[in-house]
> 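Dropping the structure in here first, questions after.
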Amino acid sequence: MSEPLQLHRDGPVARLRMTRAEVHNAFDAALIAGLTAALDEVAADADVRVLVLEAEGASFSAGADLHWMRGMAAASEAENRTDSLALARLMRTLDELPKPTIAAVQGSAFGGGVGLVACCDIAIAARGAKFGLTESRLGLLPAVISPYVIAAIGARNARRYFATAELFDTEEALRIGLLHDVVNPTALDTAVQRQIDLLLKAGPIASASAKGLIRDVCAHADGAKHDADNASLIARLRVSPEGQEGLSAFLDKRKPRWVQD
């Protein structure tokens, strides 16, 4: 089995690439742990000034891996809470990384994939990409990623997309604030490089400190408590009757009971 990701450095730029193209870069425990470890490594490298998060294949990230979901559906609430806290640590590590971050998005980003995009400081997508916070179709909610997605798209848009689980395109993602720019697929690399060039022109300390300043200005309740509360919520939902029905219906490729024909 190939490695789930690759970390390459090109001078002051680190590129973290998800390489599970065969499953559309879906999350499992190994990918979550690998991404978190790689981000910790980048954070500790004084020579890195910019991180680009990207993916191989047709999709940026399809969210949760099918086999991982099957395992967590059968796990206890305590095990689901531990699992959810690992995802929460990944998202917070990316969101608070002491380097500017750029998401280069091609193809689809669903669920946790949207969370990754929302956690990056700059998000650029190739036209034609699709997005969705699809958890409610499974009787779940995007609880762990909610602080970052809500910060990106606002509470009003989150109310709609968390509840409906509908898919939306790049133009809508740009309108609601999930993306900063939408370009033709052939221009994605050029658009990312333009942002890298701008970031490298900024003072390294100022550039790296920008998000900390913004976070302080927009100070909210303790982050660790947010993570614990949200992980507990998703764990309860995963083992609830509705969560179990939603997951079972998804795995069985049928409509859940609450969907009317």
Side-chain angles (χ1 to χ4, degrees), residues 2-22 24-26 31 34-35 38-39 41-43 45-63 91 94-95 97-110 112-132 148-149 151-153 167-211 214:
S2 61
E3 290 297 317
L5 55 88
Q6 297 172 351
L7 177 60
H8 296 295
R9 292 175 181 80
D10 181 13
V13 180
R15 290 184 176 269
L16 183 54
R17 175 178 287 244
M18 294 178 284
T19 57
R20 303 187 77 219
E22 70 281 2
H24 298 274
N25 298 302
L31 181 59
L35 284 169
L39 291 171
E41 184 178 334
V42 168
D45 190 337
D47 293 329
V48 173
R49 291 188 51 197
V50 179
L51 172 75
V52 178
L53 181 62
E54 54 193 12
E56 285 186 356
S59 303
F60 181 75
S61 177
M91 295 295 164
L94 177 58
D95 182 69
L97 195 79
K99 323 274 182 177
T101 55
I102 303 172
V105 182
Q106 88 293 345
S108 301
F110 300 138
V114 175
L116 291 178
V117 175
C119 285
C120 286
D121 302 317
I122 300 168
I124 305 170
R127 188 168 283 106
K130 297 292 183 183
F131 302 87
Y148 316 106
V149 176
I153 71 174
L167 303 187
F168 51 96
D169 61 16
T170 50
E171 299 308 319
E172 176 67 358
L174 182 65
R175 185 190 72 81
I176 64 178
L178 181 63
L179 298 176
H180 294 94
D181 200 4
V182 174
V183 298
N184 290 329
T186 56
L188 182 59
D189 290 343
T190 300
V192 169
Q193 187 60 50
R194 178 176 181 275
Q195 294 300 311
I196 292 172
D197 293 342
L198 290 169
L199 289 167
L200 293 180
K201 289 178 181 177
I205 295 175
S207 184
S209 302
K211 71 181 77 179
I214 296 163

> Rounded to the nearest 0.5 Å, what's the gap from OG on Ser61 to NE2 on His24? Could you check?
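It is 10.5 Å, given to the nearest 0.5 Å.
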> Looking at Leu16, Thr101, Val50, Leu51, which hits side chain to side chain contact (heavy atoms under 4.5 Å, CB included) with Val42?
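For Val42, the side chain to side chain contact (heavy atoms under 4.5 Å, CB included) check succeeds only for Leu51.
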> Tell me if a side-chain donor or acceptor on Ser209 pairs with a main-chain N or O of Ile205 at a distance below 3.5 Å.
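At least one qualifying donor-acceptor pair exists.
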> Met18 versus Leu31: any side-chain heavy-atom pair under 4.5 Å?
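The answer is yes, as the side chains (C-beta and beyond) meet within the 4.5 Å cut-off.
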> Kindly indicate whether the side chain of Pro12, heavy atoms from C-beta on, has any atom under 4.5 Å from the side chain of Leu200.
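Yes, side chains in contact.
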> Calculate, to the nearest 0.5 Å, the distance between atoms CD1 and NE2 belonging to Ile102 and His180 respectively.
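Result: 10.5 Å between the selected atoms.
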> Which pair of heavy atoms, one from Ala104 and one from Val192, lies closest together, and at what distance?
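Between these two residues, the closest heavy atoms are CB-CG2, 3.8 Å.
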> Keeping the roles fixed (side chain from Lys211, backbone from Asp121), state whether a donor-acceptor pair exists under 3.5 Å.
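Checked: no pair found.
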> Hey, is CZ on Arg194 packed in by over 12 heavy atoms from elsewhere, all under 6.0 Å?
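Not buried by this count: 12 neighbours or fewer within 6.0 Å.
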> If you draw a 6.0 Å radius around CG in Asp169, do more than 12 non-hydrogen atoms from other residues or ligands fall strictly inside?
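More than 12 within 6.0 Å, yes.
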> For residues Leu179 and Ala125, report the shortest heavy-atom separation together with the two atoms involved.
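Looking at all heavy atoms of both residues, the closest pair is CD1-CB, 3.6 Å.
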> Salt bridge between Arg15 and Asp10, side-chain N to carboxylate O under 4.0 Å?
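Result for this pair is no, no salt bridge flagged.
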> If I compare all heavy atoms of Ala202 with all of Ser207, which pair ends up nearest, and what's the gap?
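What the structure gives for the nearest pair is CB-CB, 4.1 Å.
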> Just by modelled atom types, is the Asp45 backbone N or O under 3.5 Å from a matching donor or acceptor in the Lys99 side chain?
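Yes.
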> Nearest heavy-atom pair of Ala109 and Val114: which atoms, and what distance?
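Between these two residues, the closest heavy atoms are O-CG2, 3.2 Å.
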> Can you tell me if Gln106 uses its side chain to pair, donor with acceptor, with the backbone of Ala55 under 3.5 Å?
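Flag set: sc Gln106 to bb Ala55 pair under 3.5 Å.
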> How far apart are the closest heavy atoms of Thr170 and Gly128, and which atoms are they?
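Result for this residue pair: OG1-N, 3.8 Å.
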> Hey, could you give me the CG/CZ distance between Leu178 and Phe168, rounded to the nearest 0.5 Å?
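Answer for the CG-CZ pair, Leu178 versus Phe168, is 5.5 Å.
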> Out of curiosity, Thr190 OG1 to Leu188 CG, how far, rounded to the nearest 0.5 Å?
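Here the rounded value is 8.5 Å.
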> Thinking salt bridges, do Arg127 and Glu171 make one under a 4.0 Å N-O criterion?
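Salt bridge flag = yes for Glu171 with Arg127.
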> For Arg49, enumerate each residue passing the side chain to side chain donor-acceptor pair (under 3.5 Å) test, keeping only those at least two apart in sequence or located in another chain.
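Partners of Arg49 under the side chain to side chain donor-acceptor pair (under 3.5 Å) test: none.
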> Show your working on salt bridge (Lys or Arg N to Asp or Glu O under 4.0 Å) between Arg9 and Glu41 and close with a plain yes or no.
CA-CA 12 Å; Arg9 292 175 181 80; Glu41 184 178 334; 2.9 Å; yes
> Between CD1 of Ile196 and CD of Gln193, what distance do you get to the nearest 0.5 Å?
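Reported to 0.5 Å precision, the distance equals 4.5 Å.
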> How long is the span from the CG atom in Leu116 to the CG atom in Asn25, to the nearest 0.5 Å?
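Interatomic distance, Leu116 CG to Asn25 CG, rounded to 0.5 Å: 10.0 Å.
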> Closest approach of Val117 and Ala123, non-hydrogen atoms and distance?
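That would be CG1-CB, 3.7 Å.
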> Using a strict 4.0 Å threshold on nitrogen-to-oxygen distance, state whether Lys130 and Glu172 make a salt bridge.
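Salt bridge between Lys130 and Glu172, a charged N being under 4.0 Å from a carboxylate O: no.
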> Do Arg17 and His8 have side-chain heavy atoms sitting under 4.5 Å apart?
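Not touching, per the 4.5 Å side-chain cut-off.
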